[in-house]
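Single-structure report; data block below.
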Amino acid sequence: MSLEIKICGLSTLETLDAALGAGADMVGVVFFAPSPRNVDLATARRLAGHARGVGAHARVAALTVDAEDEALAAIVEAVRPDLLQLHGRETPERVAAVRARFGLPVMKAVGIATRADLGRLGAYEGVADRLLLDAKAPKGAALPGGNGVPFDWALLSGLELRVPYMLSGGLDPSNVGAALRLARPSGVDVSSGVESAPGLKDPARIEAFIRAARAAESEAREAGTHEITGRPADPNPAGDGLPSQPDEPCVVTVLNSFRTGPDENGHFGIFGGRFVAETLMPLILDLQKAYEEAKADPAYKAEMDAGLKHYVGRPSPLYYAERFTEHLRAGAGEGLGAKVYFKREELNHTGSHKVNNVLGQILLARRMGKERIIAETGAGQHGVATATLCARYGLKCVVYMGALDVARQAPNVFRMKMLGAEVVPVEAGAKTLKDAMNEALRDWVTNVHDTFYCIGTVAGPHPYPAMVRDFQSVIGNETREQMMEAEGRLPDSLIACIGGGSNAMGLFHPFLDDPSVKIWGVEAAGHGIPSGEHAASLTGGRPGVLHGNRTYLLMDDDGQIIEAHSISAGLDYPGIGPEHAWLHDTGRATYISATDKEALAAFQLVSKLEGIIPALEPAHALAKVIELAPTLPREHLMVVNLSGRGDKDIPQVAEILGTKI
Ligand SMILES: *Cc1c(COP(=O)(O)O)cnc(C)c1O
């Protein structure tokens, strides 16, 4: 069941619309004269009618405090609420009587200050339809709640009630995430926390609250696949050296350079972070520490450099695609047609950029003394790269793969097995990459002592996005040097396709602080963005939490992750690395998209003109080069990341083109 979000104490149509528009599940009107949120019957009637009229699914709750039957009857008659919220000293008997008399569900509010107060809840089980746990009002306070002060939510950890309960009292956009990590309520209720002054609701805060609550909800859903102890994470970031769970959505990290991101807790602006079950936290921190140490160790760097040179085959060439350039210039206007270079990652061992990252992680795993490597894979490319390096270094390799993908990607499954890896089909969920990733996380928690989780793109909890980016930055660093050598200056633009975003991040990162370098990321638009069948998280998604970080995701209105679609299996991920989300929001990089059809056309054109069969993934970037280059001046130097070769795509492309092979 999804988290129920209630915005209470509404009194204007404007703020009601803000709440409904932002996706509130329940709205409350207050009938209590001393409250600044008190409304009269006519106003409440208009608000409730409006809520029903706009077709919103939200229910209307009417809040009263120790009201008599006559007052309740007038409210029910005028407002027709969906639920009565009793916020006074109503006993279980009174709750039962109200319920019987009006035939409406009743939510009983109970003030909580200490553990002893929890003892009073049991009496309402089987009587109230729902409880609302509020901060207990201080003695002598005019209002029974709505004082804007939270109680110690940690009291609720592990609380088992046979009645759903909503959490209330002092919640606001900045703390609702923390509250939801401490307690597991069925809903949250907010009033003063979304106001600019007592009784004055603020639409922006309402929206921020709902966004924050939804983000925490997806986080909990993700984490729910692991055993949650229900215990709080350390709410004090400075406390014991263990960071708390990531900051609230409203915390914005300001970094003075694009290249210095993320901050120490993995935030790129409001994106990234570490949204993981508590059981995973020590592993993540261990990894982070090991990575920091490795980075500073010349021996690690030397080992990495040697592996990249002798095993991977680096540096990969920066190649002037002359015939492709001339072809595009032929159709361009006078003086137009950028000079296009390919960064040839397809020449790496295993045929793509993925090996750069896997080498880095495997060498790190060895330093950490881990002998078992786990990975998840969608199309199988990352699985193959991981299996390859595990074979090279004699490590045990387990690859999780959605059962559907196992069936679709038989050649890669066979490849992994040839390399000595165990491939585990995942039958959960949609049986694709997202489910494989959850399963890998679960394995990791269970096998902490000897297992290293090798993530294939710039996603996952911190430090993965930054670590994978660092490993892939060899692409951009080489490009910089090679371009200086070839042209004596920096490129004018960079362009790369985006699945999770690792090949793009690797090319972009060394240039982020060079404002003259224009940056384009190309997402997969599948059948077109309006069709809804695409994999363009930035172009067609919205912020949420998945796989341990906050970023842009493909989600439906209920916050459920939508399956991504692309002709290219490697771009078929419903999220995108958090650093890209940040570059997008800050405007440092521009994100565009290419459809299946455009990618297929580019695939064929580049094969014929350059004698290089690109993978379908970089064919998306090439498709946009075809569009952009003719609009740019001839002096413009453009680098496109040729992230992989197309051999793997031959059977699929042949079938699409109607050729039997
Ligand atoms: C996996 C893959 C991609 C997509 O992954 P990113 O992390 O976005 O780079 C792109 N190109 C190729 C060839 C791939 O194998």
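Throughout, numbering of the chain's residues begins at 1 and tracks the sequence. Predicted, not measured: the structure shown is a model, and the values here were computed from it. First listed ligand is number 1; within each ligand, the first listed atom is number 1.
In this structure, N503 contributes its side chain and H353 its backbone to no donor-acceptor pair below 3.5 Å. Looking only at distances, no side-chain donor or acceptor of K518 sits under 3.5 Å from a matching main-chain atom of D492.
Contact check on K289 versus E292 returns no salt bridge, with no Lys/Arg side-chain nitrogen under 4.0 Å from an Asp/Glu carboxylate oxygen.
Every residue meeting the side chain to side chain donor-acceptor pair (under 3.5 Å) condition with E523, not counting sequence neighbours, appears here in chain and number order: T539. Not counting sequence neighbours, K354 has no partner by the salt bridge (Lys or Arg N to Asp or Glu O under 4.0 Å) test. Annotation: salt bridge (Lys or Arg N to Asp or Glu O under 4.0 Å) contacts of K431 (sequence neighbours excluded): E427.
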Quick check for students: name every N or O atom pair between ligand 1 and the protein closer than 3.5 Å, with distances.
from     : atom 1 : to   : atom 2 : distance (Å)
ligand 1 : 7 (O)  : T457 : OG1    : 2.6
ligand 1 : 7 (O)  : G501 : N      : 3.3
ligand 1 : 7 (O)  : S502 : N      : 2.8
ligand 1 : 7 (O)  : S502 : OG     : 2.7
ligand 1 : 8 (O)  : G499 : N      : 2.7
ligand 1 : 8 (O)  : G500 : N      : 3.2
ligand 1 : 8 (O)  : G501 : N      : 2.7
ligand 1 : 8 (O)  : S502 : N      : 3.4
ligand 1 : 9 (O)  : H353 : NE2    : 2.9
ligand 1 : 9 (O)  : S502 : N      : 3.4
ligand 1 : 9 (O)  : S502 : OG     : 3.2
ligand 1 : 9 (O)  : N503 : N      : 2.8
ligand 1 : 9 (O)  : N503 : ND2    : 2.8
ligand 1 : 11 (N) : S643 : OG     : 2.8
ligand 1 : 15 (O) : K354 : NZ     : 2.6

